[in-house]
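For reference, the structure discussed in these notes is given below.
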Amino acid sequence: MSKAAHLQRPNRVLLIYAIVYLAFLYLPVALLPVFSFNDSIYISFPLEGFTTRWYAEMFADKQMHAALMNSIQVGVISSITATVLGIFGAKAVTRFRIKGVKPVLGIVMLPLVIPPIIMGVALLILLTQSDIKLSLWTVTLGHVLICVPFS
């Protein structure tokens, strides 16, 4: 068997490991919607019955509805802003010769290696120490900061 043919054949053990690993990560998340229709207040198998009561209660709660709308606003605005900034940044870096671009790119890419909870706490401390009032705009800017490297 040639070396090129050996490189093209998938490693079965690695493939099985990847499938088990991904199932371990995503199966609990996939089960959440199933449990949301369970008639019981406890998360357990077997399911006791089918109901949409929990969704009706959620949408009837004004605070929950306001929180959902805030989350949607932050998500939409931050994703659009981060995508636009990422496109403009990538275009600028690839089209123009800019002095000192590597350290700037390193700082922009920093949220990729810092855990988001650490970044969030650091931003919270920075904003409160700077006497900046916390609002949806500061939350949105924090999300943009974390999302730009991904775009």
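Throughout, residue positions are numbered sequentially from 1 according to the sequence presented.
In this structure a side-chain-to-backbone donor-acceptor pair under 3.5 Å is present from Thr83 to Ser79.
The neighbour count for Glu57 CD, taken as heavy atoms of other residues, nucleotides or ligands under 6.0 Å away, is above 12. A 6.0 Å sphere centred on CH2 of Trp137 holds no more than 12 heavy atoms belonging to other residues, nucleotides or ligands. Within a 6.0 Å radius of CD1 in Ile117, other residues, nucleotides and ligands contribute 12 heavy atoms or fewer.
No continuous path of ILVMFWY side-chain contacts below 4.5 Å connects Leu31 to Phe24, so the two sit in separate hydrophobic clusters. Hydrophobic clustering keeps Ile16 apart from Leu22 (ILVMFWY residues linked when any side-chain heavy atoms are closer than 4.5 Å, directly or through intermediates). Phe50 and Met58 fall within a single hydrophobic cluster, where Ile, Leu, Val, Met, Phe, Trp and Tyr are joined by side-chain heavy atoms under 4.5 Å apart, directly or via other members. Hydrophobic clustering (ILVMFWY, side-chain heavy atoms < 4.5 Å, transitive): Ile19 and Leu27 are in distinct clusters.
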Under 3.5 Å, sequence neighbours excluded: what are the donor-acceptor pairs made by side chains of residues 139-151?
unit_1: Thr140; atom_1: OG1; unit_2: Leu136; atom_2: O; d: 2.7
unit_1: His143; atom_1: ND1; unit_2: Val139; atom_2: O; d: 2.9
unit_1: Ser151; atom_1: OG; unit_2: Ala82; atom_2: O; d: 2.8
unit_1: Ser151; atom_1: OG; unit_2: Val148; atom_2: O; d: 2.9

Show the atom names and distances, to 0.1 Å, of all donor-acceptor pairs under 3.5 Å that link a side chain in residues 119-133 to residues at least two apart or in another chain.
unit_1: Thr128; atom_1: OG1; unit_2: Leu124; atom_2: O; d: 2.9
unit_1: Thr128; atom_1: OG1; unit_2: Ile125; atom_2: O; d: 3.1
unit_1: Ser130; atom_1: OG; unit_2: Leu126; atom_2: O; d: 2.7

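Ile118 places a side-chain heavy atom less than 4.5 Å from the side chain of Pro115. In this structure the side chain of Val34 never reaches within 4.5 angstrom of the side chain of Asn38, judged on heavy atoms. Looking only at side-chain heavy atoms (C-beta outward), Leu68 and Phe59 come within less than 4.5 Å of each other.
When the side-chain hydrogen bond (donor to acceptor under 3.5 Å, both in side chains) test is applied to Tyr55, the partners found at least two apart in sequence or on another chain are Ser36.
Across all non-hydrogen atoms, the minimal contact from Ala30 to Pro33 is O-CD, 3.3 Å. Between Ile107 and Pro111 the shortest heavy-atom distance is O-CD, 3.9 Å. Across all non-hydrogen atoms, the minimal contact from Val29 to Leu25 is CG2-O, 4.1 Å.
Considering NE2 of His65 and CG of Asn70, their distance stands at 10.5 Å, rounded to 0.5 Å.
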